[in-house]
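Just below is one structure, and these are the notes that go with it.
A note on names: the letters A, B, ... follow the listed sequences, proteins ahead of strands, and every chain is numbered from 1. Everything quoted here is computed from the prediction, not taken from an experiment.
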Amino acid sequence: MTATTEPPPPAKAPGESRLRRTFSALGAAQAYIGLVLILAVGIATKGEVFLNETNLTNAVGAFASRGILAVGVTLVILTGGIDLSVGSLLGIASMTAAMMLSKYSLEPWQIVPICMVVGGLFGFLNGAGTAWLRIQSFVMTLAMLSVVRGLDRQVSDNVSVGTQIAGPDGKLTPQAEAFQLFGTPGHNLFDRIYYPVLAFVVVCVVFHLILTKTRFGRHVYAVGGNPTAARLSGVNVTAITIAVFTLSGMLAGFAGPIDAAYSASADPQAGQSYELDAIAAAVIGGASLAGGKGTIAGTFVGALILTLLDNVLGLNAVSDNWQLVIKGLIVVVAVVLQRPDLFKFFRGGSRS
Amino acid sequence: MKKAITVALCAVLAAACASKAPGPSTSADGGEKKKFVVGYSQSNNAEPYRAQLNLQLQHYMKKYPDIELLPIADAKQSSATQVSQVQNFITQKVDALIVSPTEPAPLTAAVEQACQAKIPVIILDRTVNTDCYSAFIGGDNVLIGEKAGEEAVKLLPDGGNIVELRGIMSNQPQIDRDKGFREAIAANPKIKIIADREGKWLKEQATPIMQQWLAQHEKIDLVYGHNDPMALGAYLAAQAAGKAGQIKFIGIDGLAIPDGGIRAVQLGQLSATFIYPTGAEEAAATVNKILHGEKVEKKQVLGTTQVTKDNAAELYKKYDLSGQG
């Protein structure tokens with residue numbers, strides 16, 4: 001609530017406002033500094049084993065589906081909400097993809113829109129519950145996390161479904177062959193481009209443009225910054241809320257086939273706890289859970305930090321237990337560095 | 001307030017009476033036409049192995065027409081949920097209870113409660129810290145680890161480098177499958193485990209780990225996955241790097257599902273897998289014996305079967321229950 005009652009920052013003395021601007025610019029840059037640091041550590045400890053196209057593609061590819069979820073989660077976070085259901089939505093979308101492929105032999109280009117509709121539908125329900133029934137989004141999406149996981153397990157009968165389907169001649173069916181291009185390791189578009197990485201980058205670019213160049217984007221920030229002021233200035237808060245949850249669901253649906261292809265199998269447990277990785281990426285990238293603050297560029301960098309950190313620690317054979325500790329600490333450090341106001345202590349000054 | 005308490009008391013009494021009602025008919029030995037009711041609390045339905053177990057148990061229980069298996073209770077990996085499920089079954093006065101404990105310690109008290117209520121308990125797959133049960137049925141993960149290790153020794157006669165994908169570190173099967181394997185490969189000192197990491201039983205965790213291993217290590221000769229999905233996740237990574245042909249893959253579980261380990265052996269992706277027995281057939285038979293007053297063996301440790309290209313088709317047929325409700 002503090003965010004809504006705070007008046008817009010009035011113009012201050014030139015000196016002070018410049019200081020503030022420097023600090024907030026530094027804050028936004030922290031994510032990049034973190035990324036540079038991790039790259040430096042990777043190169044210093046592992047050299048070319050780390051810094052080569054295959055390794056980096058593998059690292060980003062492994063995180064791509066979670067990165068796409070992070071973009072959707074960022075949209076929701078910008079409006080001041082949260083989406084905990086994206087992991088489950090990815091799970092049911094990956095199961096949908098595998099079943100469409102194995103049971104109905106659909107073409108991959110037919111599967112993607114179906115998965116996006118499935119994800120978008122559940123996302124719409126999240127938005128409707130939040131905007132119309134006024135259920136807090138944390139509660140609404142927590143419930144959806146459970147409901148959708150249950151449905152996923154029910155339709156799959158708790159059994160994983162493979163995507164490498166052999167025809168009567170023992171070879172993969174043409175649909176299954178094509179489906180591998182969605183991310184089965186070793187399968188590239190035009191023998192060159194790893195689809196999960198491409199998809200992640202394109203999603204980031206598209207949503208960066210939507211947020212920065214369109215009226216919808218400005219409204220998303222307005223709703224998160226101050227919903228009352230937004231409503232008074234003519235923004236349809238309800239429509240924006242429903243739209244961001246629906247988009248988040250559609251993105252989870254888009255990520256589903258990537259996840260299924262990556263493992264060549266849709267697991268009824270797929271995507272479990274992915275929502276936490278997605279939120280972590282957004283937060284490391286500078287998004288504030290209070291809403292109104294954050295960028296897709298930041299989330300992109302946050303996702304890179306998480307996956308490259310995992311890669312560098314793995315290549316250096318750091319134990320799994322310490323990896324958990326380090327990853328948690330990185331989140332705290334990233335968030336602290338993005339709060340320039342915390343540095344006021346060190347300047348000794350206090351403003352009323 | 002008083003009224004509420006009275007209403008609540010009446011409700012409790014009514015419930016107590018209702019649950020007591022079928023009591024006499026189930027406790028009597030002489031009743032001929034009675035039907036036994038059996039409850040089963042499963043630790044987590046969402047693991048393919050446990051889904052298979054459920055399917056098999058329902059299948060084998062149908063062979064005993066005087067036994068009715070209640071809907072399987074899914075504890076969803078939560079010990080607390082499972083304790084209350086067991087207590088619910090005790091309240092319902094089931095004639096026998098089957099439990100696949102999520103964790104030993106939290107379930108011990110609940111199993112003892114059932115025991116005190118004179119309900120025979122069959123512990124399936126994982127252990128509890130009490131002797132107050134009628135039978136334990138389960139696989140031997142140390143033995144399976146040993147068999148996998150012996151197979152690795154056979155596959156690498158000149159020694160070699162092994163990488164090991166572990167299940168969740170605190171899980172007993174993980175500890176046992178690791179222990180047995182390490183003991184068995186000690187037979188050849190030229191075989192070394194050069195890296196091991198926690199793959200959390202998941203295929204999609206295993207793939208990036210294997211990719212990192214392939215980047216770090218020049219020579220990997222064999223991948224030992226504590227379950228088939230992890231071994232297959234590593235296979236995907238090796239295949240992408242063009243190294244699948246030079247590396248052998250060993251898994252465990254051997255599920256007879258299209259996406260499972262037996263099929264993977266048939267396809268030549270895994271060199272071998274080891275069937276981790278569900279114990280469903282044995283559990284059904286044991287329940288039947290107990291309910292009819294016959295003696296049963298208290299500790300029934302099940303063996304394993306190695307799946308090879310030669311026996312894969314036959315084993316798949318034997319364990320595939322997808323065609324039968």
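- Most heavy-atom pairs under 4.5 Å with chain B, from the set N311(A), D267(A), T54(A), N188(A): that is N311(A).
- The CD atom of E198(B) sits 7.5 Å away from the CG atom of L324(A) when rounded to the nearest 0.5 Å.
- More than 12 heavy atoms of other residues, nucleotides or ligands lie within 6.0 Å of NZ in K219(B), so this atom counts as buried by the packing criterion.
- Without hydrogens or angle criteria, N158(A) side chain to A51(B) main chain gives no donor-acceptor distance under 3.5 Å.
- Proximity to chain A (any heavy atom under 4.5 Å) is shown, for A215(B), by both the backbone and the side chain.
- Between the CD atom of E204(B) and the CD atom of Q272(A) there is a distance of 10.5 Å, given to the nearest 0.5 Å.
- Heavy-atom minimum distance, D259(B) versus A264(A): OD1-O, 4.4 Å.
- Side-chain contact between R149(A) and K76(B) is absent, with no heavy-atom pair separated by less than 4.5 Å.
- In the displayed structure, Q246(B) atom CD is contacted under 6.0 Å by more than 12 heavy atoms of other residues, nucleotides or ligands.
- Of the charged side-chain nitrogens involved, none lies within less than 4.0 Å of a carboxylate oxygen, so that D320(A) and K200(B) do not count as a salt-bridged pair.
- For K46(A), the NZ atom sits in a packed shell: over 12 heavy atoms of surrounding residues, nucleotides or ligands are nearer than 6.0 Å.
- Contact annotation for L236(B): both backbone and side-chain heavy atoms come within less than 4.5 Å of a heavy atom of chain A.
- The closest side-chain heavy-atom distance from M210(B) to N58(A) is not below 4.5 Å.
- Between V312(A) and Q212(B), every side-chain heavy-atom pair lies at or beyond the 4.5 Å cut-off.
- Shown here is K179(B), whose NZ atom has no more than 12 heavy atoms of other residues, nucleotides or ligands within 6.0 Å.
- Chain B forms more heavy-atom pairs under 4.5 Å with one residue of D259(A), N55(A), I165(A), T163(A) than with any other, namely D259(A).
- Heavy-atom distances place both the backbone and the side chain of P208(B) under 4.5 Å from chain A.
- Here S160(A) is the residue among G186(A), S160(A), A62(A) with the most heavy-atom pairs under 4.5 Å with chain B.
- When all heavy atoms of Q216(B) and G314(A) are compared, the pair lying nearest together is NE2-O, 3.5 Å.
- Closest approach of P185(A) to T207(B), counting heavy atoms only: CG-CG2, 3.7 Å.
- The parts of A270(A) that come within reach of chain B are both its backbone and its side chain, each placing non-hydrogen atoms under 4.5 angstrom from that chain.
- Contacts between D157(A) and chain B at a heavy-atom distance below 4.5 Å involve the backbone alone (N, CA, C, O).
- Your options are G61(A), G162(A), S156(A), and the one with the most heavy-atom pairs under 4.5 Å with chain B is G162(A).
- When heavy atoms are compared at a cutoff of 4.5 Å, T184(A) approaches chain B solely by way of its side chain, counted from C-beta outward.
- Going from atom CG of D74(B) over to atom CZ of R153(A) covers 5.0 Å, rounded to the nearest 0.5 Å.
- Surrounding CD of E107(A) are more than 12 heavy atoms belonging to other residues, nucleotides or ligands, all under 6.0 Å away.
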